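It should be emphasised that the depicted structure is a prediction, and the values quoted were computed from it without experimental measurement. In what follows, residues are counted from 1 in the order of the sequence shown. Only this structure's heavy atoms are used, side chains among them; waters, hydrogens and symmetry mates stay out.
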Amino acid sequence: MVSVDDEATNKAFAESTEADFPLLSDPTRTAAEAYGVLPSFGGGFGSLAQRWTFYIGPDGRILRVDRRVRPSTAGEDVVAALAELNIPKR
């Protein structure tokens, strides 16, 4: 998971949710901009990162982008997408 929050904020989030996966901090928004997840809202609101899931193959190519991430079902949705993409279970 990549967040535009700073490292301290990500660490606090990971600890509070007992996350067992890496949280990467992108406070400069370099990765977020490269992946196109920072739409501008204009009017002085700045930009907030979209909650999208990118499925990236071993060769580095993007296999699929899920732009309708639902936090309540994200885990199940990822498992289903990996099965559809024929990614073997580990």
**Item:** Flag, side chain of Asp77 to backbone of Ala81, donor-acceptor distance under 3.5 Å
**Value:** no

**Item:** From Leu38 atom CG to Gln50 atom CD, the distance as rounded to the nearest 0.5 Å
**Value:** 8.5 Å

**Message:** As an exercise, state the distance from CD of Glu33 to CG of Asp26, rounded to the nearest 0.5 Å.
**Reply:** 8.5 Å

**Message:** Asp59: which residues meet the salt bridge (Lys or Arg N to Asp or Glu O under 4.0 Å) condition with it, sequence neighbours left out?
**Reply:** Arg61

**Message:** When you compare the side chains of Ser3 and Asn10, does any donor N or O come within less than 3.5 Å of an acceptor on the partner?
**Reply:** yes

**Beyond-backbone contact of Ile87 with Tyr55, side-chain heavy atoms, under 4.5 angstrom** = no

**Asked** Apart from Phe13 itself, what residues make up its hydrophobic cluster, given side-chain heavy atom links below 4.5 Å?
**Response** Met1, Phe21, Leu23

**Asked** Apart from Leu24 itself, what residues make up its hydrophobic cluster, given side-chain heavy atom links below 4.5 Å?
**Response** Val2

Answer yes or no: does atom [atom1] of [X] have more than 12 heavy-atom neighbours from other residues, nucleotides or ligands under 6.0 Å?
| X | atom1 | value |
| --- | --- | --- |
| Tyr35 | OH | no |
| Glu7 | CD | no |
| Arg51 | CZ | no |

**Asked** Can you check side chain to side chain contact (heavy atoms under 4.5 Å, CB included) on Asp66 and Arg68, steps first, answer last?
**Response** CA-CA 6 Å; Asp66 179 1; Arg68 296 181 181 208; 3.9 Å; yes

**Prompt:** Is Phe54 reachable from Leu82 through a run of hydrophobic residues whose side-chain heavy atoms are each under 4.5 Å from the next?
**Reply:** no

**Prompt:** Under 4.5 Å between side-chain heavy atoms, hopping through other hydrophobics if needed: is there a path connecting Ile56 to Val65?
**Reply:** yes

**Asked** Which pair of non-hydrogen atoms, one from Asp6 and one from Ser25, has the smallest distance, and what is that distance?
**Response** C-OG, 3.2 Å

